[in-house]
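Model, not experiment: these values are computed from the prediction. For reference, positions follow the sequence shown, starting with 1.
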Amino acid sequence: TQSTRPQRLLHAVQKNATRGDPRSVVKAIDNFCRQKEWAMNVGDEKGCILDSVVSEVNPVTVLELGTYCGYSTVRIASLLPPRAKIITLEFNPDYAKIARQVIAWAGLEDKIQVVEGPSGEWIPKMKEQFGVKTFDLVFLDHWKDRYLPDTKLLEDCGLLRKGSILLADNVICPGTPDYLEYVRNSPRYKSQYFKSHLEYTKAEDGLEKSVFLG
Ligand SMILES: O=C(NCCCCCn1ccc2cnccc21)c1cc(-c2ccc(F)cc2)cc(O)c1O
Ligand SMILES: [Mg+2]
C-alpha cells in the first residue's frame, strides 16, 4: 500500500538524523521538504523567529495547537529549560502517530505530551487533565478559523496570565484575518508582526506575536 507524506517524512528523519539530536531532526525534515516534498512544517525561516521568541520567553509551560509531524514541537522543546513541558494538540490520529515517532527520534519524549482531539474540547479540560495553571507560551498552528475562537476560549478558561505570549503561524498564508483583527485591536493584547515567507517558498507569510496584558 502507498505510503503517506508524513510516513515518508518520518523515514527521512530515521535515515538522515542522529537519534537524540533534535537539531539534526529539524535539519533532516527541512532538507526533505526542500529537496523532495513540500510539507506544512513552520520551516527554517519562520523557525528561526520561533526559536528567538522561545529563547526570549523561556517558557515553563507551552501549548502547541497543531502538531502535524512534530517539527515545531521538536524545535521548541530543544530550547526549553529542564523542567519545562509542552502539551501539543493534534486532531489527526495518523499525524499524531508520526509525530510521536519523530519526537522519540529526537529524544524529547519526556518534555512533550502529544494529545489527540479537537482544541475546542481539550482547552476547557487542560487544568483538570494536566494540572496546568496558565500557559507561558501558546503556538497556534492548527485550523486557521480556530485561532480566534480558541484564543477567546483560552481567556475564558483562565489559561492565560499577564505576560502570556501567543505566537501564531500563517497569519498571511493561508491567513487568519479575524484573529489578526482581534489581537491587533483588542486593548488586552500588545501585538507584533514578524514578516517572513511561507515554508520552503517565496510566498509571503509571517508570525504574529501577541502579549496578553491581563
Ligand atoms: O492548514 C494548516 N495547518 C493546519 C492543519 C490541520 C490542523 C488540524 N488540527 C491540529 C490540531 C487541532 C486541534 N483542533 C482542531 C484542529 C486541529 C497549514 C496550511 C499551510 C498551507 C497549505 C497550503 C498552501 F497552499 C499554503 C499554506 C501552511 C501551514 O503552515 C499550515 O499550518
Ligand atoms: Mg503552519
In this structure, OH of Tyr95 is separated from OH of Tyr68 (nearest 0.5 Å) by 5.5 Å
* Passes side chain to side chain contact (heavy atoms under 4.5 Å, CB included), Leu140 versus Leu167? Steps please. -> CA-CA 6 Å; Leu140 298 98; Leu167 188 64; over 6 Å; no
From the list Glu204, Glu208, Glu45, salt bridge (charged side-chain N to carboxylate O under 4.0 Å, His left out) partner of Lys195 resolves to Glu204
If you look only at distance, which donor and acceptor atoms sit under 3.5 Å apart when one is on a side chain in residues 121-133 and the other is two or more places apart or in another chain?
residue: Trp122; atom: NE1; partner: Glu116; partner atom: O; Å: 2.9
residue: Lys127; atom: NZ; partner: Lys133; partner atom: O; Å: 3.3
residue: Lys127; atom: NZ; partner: Gly158; partner atom: O; Å: 3.2

Subject >> Minimum side-chain heavy-atom gap Leu9-Cys33 below 4.5 Å >> reply: yes
**Asked** Does the pair Tyr147 and His142 meet the rule for a ring-ring contact (aromatic ring centres under 6.0 Å, His included), with working shown?
**Response** CA-CA 7 Å; Tyr147 284 26; His142 60 328; 5.4 Å; yes
When rounded to the nearest 0.5 Å, the distance separating OG1 of Thr134 from NZ of Lys162 is 13.5 Å
Taking Leu89 as the starting point, is it possible to reach Val42 by hopping between hydrophobic residues whose side chains are less than 4.5 Å apart? no
Residue pairs meeting ring pair (Phe, Tyr, Trp, His ring centres under 6.0 Å), one or both in residues 48-67, sequence neighbours left out, come to none
Joining Ile, Leu, Val, Met, Phe, Trp and Tyr whenever any side-chain heavy atoms lie under 4.5 Å apart, the cluster holding Phe91 also takes in Trp143
Value for SG (Cys69) from CD1 (Ile98), rounded to nearest 0.5 Å, stands at 6.5 Å
What one should report as the nearest heavy-atom pair of Gly175 and Pro177 is C-CD, 3.5 Å
Would you please say whether a donor-acceptor pair under 3.5 Å links the side chains of Tyr71 and Asp30?
yes
query: Think Lys152 forms a cation-pi with Tyr182, using NZ or CZ under 6.0 Å from the six-ring centre and within 45 degrees of its axis?
result: yes
Counting distance only, does the side-chain N/O of Thr201 pair as donor-acceptor with the main-chain N or O of Leu198 below 3.5 Å? yes
Interatomic distance, OG1@Thr61 vs CZ@Arg83, rounded to 0.5 Å, equals 10.5 Å
Taking the side chain from Ser164 and the backbone from Asp136, do they hold a donor-acceptor pair closer than 3.5 Å? no
Review point. Is the side chain of Trp105 donor-acceptor paired with the backbone N or O of Ala17 at a distance under 3.5 Å, no angle test?
Key: yes
Check: Under 4.5 Å between side-chain heavy atoms, hopping through other hydrophobics if needed: is there a path connecting Val57 to Leu160?
Finding: no
Test side chain to side chain contact (heavy atoms under 4.5 Å, CB included) applied to Leu80 and Val62, step by step: CA-CA 10 Å; Leu80 293 184; Val62 180; 4.2 Å; yes
For Glu37, the salt bridge (Lys or Arg N to Asp or Glu O under 4.0 Å) test, sequence neighbours excluded, returns Arg5, Arg8
### Message
Can you confirm whether Val13 sits close enough to Ile29 that some side-chain heavy atom of one is under 4.5 Å from a side-chain heavy atom of the other?
### Response
yes
Check your understanding: Hey, are the side chains of Cys48 and Phe194 touching, using non-hydrogen atoms and a 4.5 Å cut-off?
Key -> no
**Heavy-atom side-chain proximity of Pro59 to Val54 below 4.5 angstrom** = yes
Connected via hydrophobic side-chain network under 4.5 Å: Ile87 and Leu166: yes
- Does the distance from a Lys or Arg side-chain N to an Asp or Glu carboxylate O, for Asp44 and Arg75, drop under 4.0 Å? yes
**Prompt:** Just by distance, do the side chain of Gln7 and the backbone of Thr4 share a donor-acceptor pair under 3.5 Å?
**Reply:** yes
Any ion pair linking Arg100 and Glu90 (charged N to carboxylate O, less than 4.0 Å)?
-> no
Expected list for residues 107-114: side-chain donor-acceptor pairs under 3.5 angstrom, two or more places apart:
residue: Lys111; atom: NZ; partner: Pro81; partner atom: O; Å: 3.2
residue: Lys111; atom: NZ; partner: Pro82; partner atom: O; Å: 3.2

Q: Go through Asn41 and Ser72 one step at a time and tell me if the side chain to side chain contact (heavy atoms under 4.5 Å, CB included) criterion holds.
A: CA-CA 7 Å; Asn41 316 116; Ser72 47; over 6 Å; no
_side chain to side chain contact (heavy atoms under 4.5 Å, CB included) evaluation trace for Arg19 with Gln14_ = CA-CA 8 Å; Arg19 262 189 181 285; Gln14 293 168 333; over 6 Å; no
d(Tyr193 OH, Arg184 CZ) to nearest 0.5 Å is 7.5 Å
| Is Leu207 linked to Leu180 within one hydrophobic cluster, defined over Ile, Leu, Val, Met, Phe, Trp and Tyr using a side-chain heavy-atom separation of less than 4.5 Å? | no
Checklist entry - Under 4.5 Å between any side-chain heavy atoms of Glu56 and Lys209, yes or no? => result yes
Exercise. Taking the six-membered ring for Trp, are Phe212 and Tyr189 parallel (under 30°), tilted (30 to 60°) or perpendicular (over 60°)?
Worked result: tilted
Heavy-atom closest pair (Asp150 atom, Ser119 atom, distance to 0.1 Å) is OD2-OG, 2.6 Å
Scanning both residues in full, the closest heavy-atom pair of Ser55 with Leu79 reads OG-CD1, 4.0 Å
One should read off an interatomic distance between Leu63 CG and Thr88 OG1, to the nearest 0.5 angstrom, of 7.5 Å
Heavy atoms of Cys173 and Asn170 approach each other most closely as O-ND2, 3.1 Å
Donor-acceptor pair, distance only, cut-off 3.5 Å: does the side chain of Asp21 make one with the backbone of Arg23?
yes
Note: Asn16 and Ala28 closest approach over all heavy atoms is CB-CB, 4.1 Å
The salt bridge (Lys or Arg N to Asp or Glu O under 4.0 Å) partners of Lys46 (sequence neighbours excluded) come to Asp169, Glu199, Asp205
Are Met40 and Ile76 connected in a single hydrophobic cluster, I mean Ile/Leu/Val/Met/Phe/Trp/Tyr linked by side-chain heavy atoms less than 4.5 Å apart? yes
